[in-house]
Amino acid sequence: MKIAVGADHGGYPLKQTVMDELNRLGHTVVDCGAPAYDSKDDYPDLARAVGLAILRGQAERGILLCGSGVGASIAANKLRGVRAAVCHDTYSAAQGVEHDAMNVLCLGSRIIGEELAKALVRAFAAARFFTDPRFQRRLDKVIAIEQEQV
Ligand code: RB5
């Protein structure tokens, strides 16, 4: 699977760990930056880059890293079709995909360590949206909310 990865300066310490784990699992990383640590960069720019990579079909999913994961998720969810959430437990990282069609996992580098980050990446990347009609019905309602925005 092609997975876009983006990190601001708050998330940068875990960026390589996340990319290495994705590569180890056989996924293709679409690196959306930042290319190097930059204390002046802003998480909305990285969230936008990852979200657009998904909307343009360059990646199927994304992983965003900032200090807490919160800012990245807020920004990413502004793009129609992006469903981003902060998940710092493996149950949510998998269930968010299975039940909610989450397509962007947000992680906080100031909250979690390398091993948990890798476990979260594994849970997220291995999960697939369940085909049960009730999950599709709920996703359709989420999409309908997006479409009624003025
Ligand atoms: C950057 O200092 C920090 O505010 C940002 O990475 C993130 O934690 C926002 O949610």
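Both counts, for ligands and for their atoms, begin at 1 and track the order of listing.
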Under 3.5 Å donor-acceptor, His88 side chain and Gly108 backbone | yes
List below, pair by pair, the N or O atoms of ligand 1 and of the protein that are less than 3.5 Å apart, including the distance to 0.1 Å; reply 'none' if no pair qualifies.
{"from": "ligand 1", "atom 1": "2 (O)", "to": "His9", "atom 2": "NE2", "distance (Å)": "3.0"}
{"from": "ligand 1", "atom 1": "2 (O)", "to": "Arg110", "atom 2": "NH2", "distance (Å)": "3.2"}
{"from": "ligand 1", "atom 1": "6 (O)", "to": "Asp8", "atom 2": "OD1", "distance (Å)": "3.3"}
{"from": "ligand 1", "atom 1": "6 (O)", "to": "Asp8", "atom 2": "OD2", "distance (Å)": "2.6"}
{"from": "ligand 1", "atom 1": "6 (O)", "to": "Gly67", "atom 2": "N", "distance (Å)": "2.8"}
{"from": "ligand 1", "atom 1": "8 (O)", "to": "Gly67", "atom 2": "N", "distance (Å)": "3.0"}
{"from": "ligand 1", "atom 1": "8 (O)", "to": "Ser68", "atom 2": "N", "distance (Å)": "3.0"}
{"from": "ligand 1", "atom 1": "10 (O)", "to": "Ser68", "atom 2": "OG", "distance (Å)": "3.3"}
{"from": "ligand 1", "atom 1": "10 (O)", "to": "Gly71", "atom 2": "N", "distance (Å)": "2.8"}

Do Leu65 and Val5 come close enough that some side-chain heavy atom pair is under 4.5 Å?
-> yes
Does a salt bridge link Lys15 with Asp31, judged by any charged N lying under 4.0 Å from a carboxylate O?
-> yes
Mutual orientation of the aromatic rings belonging to Tyr37 and His9 [parallel < 30°, tilted 30-60°, perpendicular > 60°] = perpendicular
side-chain hydrogen bond (donor to acceptor under 3.5 Å, both in side chains) partners of residues 123-135, not counting sequence neighbours, each pair once | Asp132-Arg134
Indicate whether the side chain of Thr17 and that of Asp20 have a donor and an acceptor atom separated by less than 3.5 Å.
-> no
